[in-house]
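All values below were derived from every heavy atom in this structure, side-chain atoms included, with hydrogens, water molecules and symmetry-related copies excluded.
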Amino acid sequence: KREAESLRTRGKELSEQISAKNREIHDHRREISRVGSEQARLRATLQTLEEQKKRHENSSKGVRSVFQDILPANPDLEGAIRGTLADLLEVDAGMETPVETALGRSLDLVLTSDASVHPRLSEALKNAASGRAAFADVQKLAANMSPALSFEAPAHLASEVRGQLGAFVRLQEGAEPAARALLQHLLANIIVTASAAAAAELSSLFPQHAFVTMEGDLFRGGWYMEGG
């Protein structure tokens with residue numbers, strides 16, 4: 001009888017030990033899974049940063065520094081950064097020159113979803129003497145949009161007008177939806193024309209609009225022209 005009791009006790013101890021080991025194995029497996037997920041996230045983050053570096057090789061010094069130096073050193077900022085405007089655009093074939101002319105340096109705008117990170121990014125640029133960059137919180141802009149001005153070309157110039165520039169540009173699939181407000185804001189009231197003569201005349205008739213030619217000449221207000 002004593003022997004049977006001893007065996008039962010020993011069996012119970014072994015069962016408890018086995019249960020403890022199983023729990024330990026389960027905890028180890030869960031930790032391995034967590035570490036694996038974290039490694040996958042870090043690999044994805046690294047890949048994203050490397051892609052951003054390549055995309056911004058030809059950007060201004062400040063923009064390059066944001067994506068090549070500041071973000072890798074401050075990964076907590078990455079969630080608020082959406083890339084540059086140029087990263088998100090698709091342009092109709094043949095309209096690249098008017099779009100580049102009209103948007104100019106705005107193509108290098110660093111888009112964010114949180115204006116509170118702008119001072120930190122600016123301070124990092126100053127501390128590293130890495131140039132300047134412009135930042136735009138697309139979430140805030142989306143809530144403060146103004147309607148576009150109406151435009152109808154006079155009959156003798158109607159054939160010279162190709163349309164609103166915004167009709168030839170769109171966001172890439174998967175781009176931040178709020179960035180649409182920035183694109184609309186920048187392209188509002190910009191008209192594409194076939195010739196510089198038409199753009200010059202229209203800019204005098206419609207001083208609140210801008211007119212850009214297919215060759216990249218830009219006219220504003222009847223007094224300003226950018227070309228070459």
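- Separation of atoms CD1 (Ile70) and CD (Glu78) is listed at 14.0 Å; rounding is to 0.5 Å.
- The shortest side-chain heavy-atom distance between Phe67 and Val110 falls under the 4.5 Å cut-off.
- Rounding to the nearest 0.5 angstrom, the gap separating the CG atom in Leu109 from the OG atom in Ser106 is 5.0 Å.
- Sorted by first and then second residue, the salt bridge (Lys or Arg N to Asp or Glu O under 4.0 Å) pairs with a member in residues 122-135 form an empty list; sequence neighbours excluded.
- Pairing each heavy atom of Ala133 with each of Val66, the nearest pair is CB-CG2, 4.4 Å.
- By the 4.5 Å heavy-atom criterion applied to side chains, Leu103 and Val169 are not counted as neighbours.
- No side-chain heavy atom of Glu160 sits less than 4.5 Å from a side-chain heavy atom of Leu202.
- To the nearest 0.5 Å, the span separating CG on Leu141 from CG on Leu182 amounts to 6.0 Å.
- By the criterion of side-chain heavy atoms lying less than 4.5 angstrom apart, applied directly or through intervening Ile, Leu, Val, Met, Phe, Trp or Tyr residues, Val212 is grouped together with Leu183 in one hydrophobic cluster.
- Closest heavy-atom contact between Ala179 and Leu171: C-CD1, 4.0 Å.
- To the nearest 0.5 Å, atom CG of residue Leu14 and atom NZ of residue Lys21 are 12.5 Å apart.
- Hydrophobic clustering (ILVMFWY, side-chain heavy atoms < 4.5 Å, transitive): Met214 and Leu157 are in distinct clusters.
- Applying the side-chain contact (heavy atoms from CB on, under 4.5 Å) rule to Glu173 yields no partners; only residues at least two apart in sequence or on another chain are considered.
- Each of Leu186, Leu89, Thr84, Val63 was evaluated against Leu107; a single residue qualifies, Leu89, per the side chain to side chain contact (heavy atoms under 4.5 Å, CB included) test.
- With sequence neighbours left out, Gln208 forms a side chain to side chain donor-acceptor pair (under 3.5 Å) with no residue at all.
- For the atom pair Phe211 CZ and Glu201 CD, the distance stands at 10.5 Å (nearest 0.5 Å).
- Phe168 and Met95 get closest at one heavy-atom pair: CD1-CE, 3.5 Å.
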For residues 219-228, which side-chain N or O atoms pair as donor and acceptor with protein atoms under 3.5 Å away, sequence neighbours left out?
| unit_1 | atom_1 | unit_2 | atom_2 | d |
| --- | --- | --- | --- | --- |
| Tyr224 | OH | Glu226 | OE1 | 3.0 |

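- When the shell of 6.0 Å around NE2 of His185 is examined, it contains 12 or fewer heavy atoms from other residues, nucleotides or ligands.
- Of the options Arg82, His118, Lys140, a side chain to side chain donor-acceptor pair (under 3.5 Å) to Thr112 is made by His118 and by none of the others.
- Side-chain atoms of Asp137 come within 3.5 Å of backbone atoms of Gln139 as a donor-acceptor pair (strictly under, hydrogens ignored).
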Can I get a per-line list of side-chain donor-acceptor pairs under 3.5 Å for residues 147-155, giving both atom names and the distance, sequence neighbours left out?
none

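- Counted within 6.0 Å of CZ on Arg180, heavy atoms from surrounding residues, nucleotides or ligands total 12 or fewer; the atom is thus considered open.
- At a threshold of 4.0 Å, the pair Asp69-Arg64 does not count as salt-bridged, since none of the basic side-chain nitrogens sits closer than that to a carboxylate oxygen.
- No donor-acceptor distance shorter than 3.5 angstrom exists from the side chain of Ser65 to the backbone of Lys61, with no hydrogens or angles considered.
- Of all heavy-atom pairs spanning Asp87 and Gln172, the tightest one is O-NE2, 3.1 Å.
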* Asked: What do the steps show when you test Ile191 against Gln164 for side-chain contact (heavy atoms from CB on, under 4.5 Å), and what is the final call?
  -> CA-CA 5 Å; Ile191 312 298; Gln164 296 273 352; 3.4 Å; yes
* Asked: Would Ile81 and Leu121 count as a side-chain contact (heavy atoms from CB on, under 4.5 Å) if you check the C-alpha gap in whole Å, the side-chain angles of each, and the deciding distance to 0.1 Å?
  -> CA-CA 10 Å; Ile81 306 298; Leu121 291 165; 3.8 Å; yes
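- For the pair Gly166 and Leu187, the tightest heavy-atom approach, listed with the atom from each and the gap, is CA-CD1, 3.7 Å.
- Considering every non-hydrogen atom in both Ala80 and Val117, the closest pair reads CB-CG1, 4.0 Å.
- Taking Arg105 as the reference, nothing meets the side-chain contact (heavy atoms from CB on, under 4.5 Å) condition, with sequence neighbours excluded.
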